[in-house]
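Working notes, beginning with the structure itself.
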Amino acid sequence: MRALLSIDLFCEVIDNYGDAGVCWRLARALAQAGCTLTLWIDNPERLRRLRPQLDPARDAQPLDGFTLRRWRDPSYAGAELVISAFGCRLPDDYLAAMAAQSPPPAWINLEYLSAEDWVEGSHGLPSPHPRLPLTQHFFFPGFTTKSGGLVREAGLAAAREAFGAPQRAALLAGLGIDVPQGALLVSLFCYPGAPLPALFEAMASGRRVVCVVPEGVTPLAPPPGQSLTQGALTLHGLPFLEPDVYDRLLWSCDLNFVRGEDSAVRAQWARRPFVWQLYPQQDAAHLDKMQAFLDRYGEALVPQAAAELGHFFRAWNGDPAAALDWPACVALLPTVEAHAARWQRQLASLDDLGSSLVEFASKIR
Ligand code: TRH
């Protein structure tokens with residue numbers, strides 16, 4: 001990372017855990033890299049699901065190397081980089097104070113993750129403020145050198161490398177997960193619209209599967225600590241895990257169903273096969289986003305495997321033209337597993353999002 005910066009990062013929680021999760025993860029990575037960072041979040045209660053040690057009643061507190069503040073009348077205190085996550089609007093007096101600074105801070109709008117081609121043309125584009133002498137720049141995470149890359153904190157690769165069979169066994173024992181010989185271990189994190197009954201029915205009549213489901217994902221799964229077996233399928237309820245534990249669960253599974261943005265990125269760092277349910281959008285726009293990702297992800301797969309994986313993704317994401325073929329998905333796993341490791345290496349060769357942000361901010365300031 002080029003230069004150490006002071007950073008204000010603003011996060012407005014819209015729904016679910018992704019807004020808070022992405023911002024927390026980025027804040028932690030930038031703090032690890034030596035930046036002095038304040039994360040202003042309007043809903044610290046939501047972040048508490050991920051970081052149970054935080055106290056939402058406090059206006060300011062240290063967390064994971066940065067300062068967490070409730071977003072309430074923020075005052076600009078000279079940060080060199082200001083990041084508005086996902087287009088959130090900064091208060092006028094805060095903007096006026098930014099504009100009064102000489103030179104003004106670099107100001108970045110951190111956008112949602114997408115593999116679509118237009119991202120490369122929009123990444124880094126300036127957007128002058130209509131009244132103030134300030135310019136905001138659009139910054140896109142992504143999968144290519146023409147984007148900002150993905151959050152990859154220091155130590156992730158080493159931790160993943162050091163996680164072998166004994167660590168996996170200890171993790172699963174600690175979570176009360178029993179995987180019989182020859183069974184597939186699958187983690188499930190999805191939106192309510194996912195075709196779960198069809199998936200569970202297919203799993204129940206195929207190869208033995210242990211499907212672990214964090215609390216709050218679906219009422220079809222048993223509560224944390226309990227299991228339910230039907231045919232070849234055992235559903236096992238888990239608590240909502242702390243992010244670093246969730247990572248290790250992703251590293252441990254034969255297949256991970258993930259959703260939204262942040263869990264999908266973690267599944268890619270996990271080097272394991274995954275199925276991604278995108279955040280549902282109006283007019284099925286998420287299907288275009290999904291296809292754009294599949295086009296990139298599937299480039300180095302043999303065409304038939306890429307087509308079959310694409311078919312399963314489409315069915316899982318609600319494309320009525322695709323049927324959910326679980327046996328085909330299981331048959332693909334060895335091929336996709338080898339591919340997932342190649343894909344992870346490709347992503348790891350890109351600059352990570354935190355480094356790209358700091359580099360970009362140093363250039364535009
Ligand atoms: O919760 P999400 O659906 O968040 C979504 C998306 O970010 C979406 O793009 C955005 O528009 C919307 O929010 C507002 O899914 P996501 O992004 O995977 O975030 C979940 C976070 O929760 C992620 O940081 C992983 C974490 N997690 C845990 O830490 N422990 C767990 O047990 C589980 C299941 C998830």
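We count ligands from 1, going down the list as the structure has it; atoms in each ligand are counted the same way. Since the model is a prediction, treat every value here as computed from it, not as a measurement.
Salt bridge Glu242/Arg49: absent, no basic N to carboxylate O contact under 4.0 Å. Salt-bridge check for Asp117 with Arg296: passed, with a basic side-chain N closer than 4.0 Å to an acidic carboxylate O. Ion pairing of Arg70 with Asp42 is absent here, as no side-chain N (NZ or NE/NH1/NH2) approaches a carboxylate O to less than 4.0 Å.
Put simply, the side chain of Leu184 reaches to within 4.5 Å of the side chain of Arg207, judged on heavy atoms. Using a 4.5 Å heavy-atom cutoff, the side chains of Val265 and Leu347 are not in contact.
Listed by chain and residue number, the protein contacts of ligand 1 are Asp15, Asn16, Tyr17, Gly18, Asp19, Gly21, Arg25, Leu50, Tyr112, Phe189, Tyr191, Pro214, Phe240, Leu241, Pro243, Tyr246, Arg259, Gly260, Glu261, Asp262, Ser263, Tyr279 (heavy atom within 4.0 angstrom).
Aromatic ring orientation, Tyr112 versus Phe86: parallel (interplanar angle below 30°, classes split at 30° and 60°).
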